[in-house]
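Index from 1, following the sequence.
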Amino acid sequence: MSKGRFITFEGGEGTGKSTQVELLAAALRDTDIDVISTREPGGAPGAEEIRALLVNGATNRWTPMSEALLNYAARAEHLDKTVYPALEKGQWVISDRFADSTMAYQGFGHGVERQAIDKLASAVLGDFKPDLTIIFDLDLEIGLERAGARGQGEDRFERMGHGFHERLRQGFLQIASQEPERCVVIDASASIEQVAAQIRSIVSERLSVPLS
Ligand code: TMP
């Protein structure tokens, strides 16, 4: 279906994804690629409204299954209103989080059955998947400290215990090892410029685009 490319950044809290989304978008624009950056949950008006329900309030506000459903409702909006139209126009799309976050957070983190999440994925996504997924791996303490220092609210998930964050970190690593043709894990503890250079090199190699 699509002419553009779809790149997703995934990982735990405070791994620096959002900064790197913008740096990669700028690097791609420098080579005249038309690119948009977006995020999940969010990236379309209705999806941003759902985001507010998910990222604020008491940690036990939603059941794990409700969380998975809300994320997939937001994703359906995001795909239909933002991602698919952009790809059809030939734009590249970089999304700060996508479907792997639901498997890692609600599946590995909260224990929603993997098969149930696979069914949601198949109902909402069909065969659609990212061309490339970069998984930011970082020690929990560093990530949660960085995320806390941002202090912008939206911290409902940050407040979920250490065990939850460790499970989702391992979940992302497992997802990456199961789909090596789509996923690359990077060490997010390096400096912003070092991580950006690593990402440019992965994108060049995997998607055959000349980025220096
Ligand atoms: P952000 O902090 O990266 O913007 O993401 C918002 C939070 O939503 C983050 O703590 C991860 C969480 N999340 C899920 O739990 N499941 C999902 O499917 C997505 C996309 C995000």
Under the side chain to side chain contact (heavy atoms under 4.5 Å, CB included) criterion, do Glu40 and Asn71 qualify, and how do the steps go?
CA-CA 8 Å; Glu40 287 205 350; Asn71 274 294; over 6 Å; no
Asp34 versus Lys89: any side-chain heavy-atom pair under 4.5 Å?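 No. Closest side-chain heavy atoms not under 4.5 Å.
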| request: For the residue pair Ile94 and Leu28, establish whether any side-chain heavy-atom pair is separated by less than 4.5 Å. | output: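 Yes - at least one pair of side-chain heavy atoms lies under 4.5 Å apart.
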Distance-only donor-acceptor pairs under 3.5 Å for side chains of residues 51-59, two or more places apart:
residue : atom : partner : partner atom : Å
Arg51   : NE   : Glu154  : OE1          : 3.4
Arg51   : NE   : Glu154  : OE2          : 3.2
Arg51   : NH1  : Pro41   : O            : 3.0
Arg51   : NH2  : Glu154  : OE1          : 2.7
Asn56   : ND2  : Ala52   : O            : 3.0

Check your understanding: Can a salt bridge be assigned to the pair Glu48 and Arg39 using a cut-off of 4.0 Å between side-chain N and carboxylate O?
Key ->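 Result for this pair is yes, salt bridge flagged.
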Can a donor-acceptor pair be found, under 3.5 Å and without considering hydrogens, that links the side chain of [X] to the backbone of [Y]?
X	Y	result
His165	Phe157	yes
Gln20	Ile192	yes
Thr8	Arg97	no
Glu13	Ala147	no

Salt bridge (charged side-chain N to carboxylate O under 4.0 Å, His left out) contacts touching residues 183-211 (sequence neighbours left out):
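Qualifying pairs, neighbours excluded: Glu193-Arg200.
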Determine whether the aromatic ring centres of residues Phe164 and His110 are separated by less than 6.0 angstrom.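 That pair passes the under 6.0 Å test.
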Residues two or more places apart in sequence or in another chain: which of them pass ring-ring contact (aromatic ring centres under 6.0 Å, His included) with Phe6?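 Phe6 satisfies ring-ring contact (aromatic ring centres under 6.0 Å, His included) with Phe98, Phe128 once adjacent residues are dropped.
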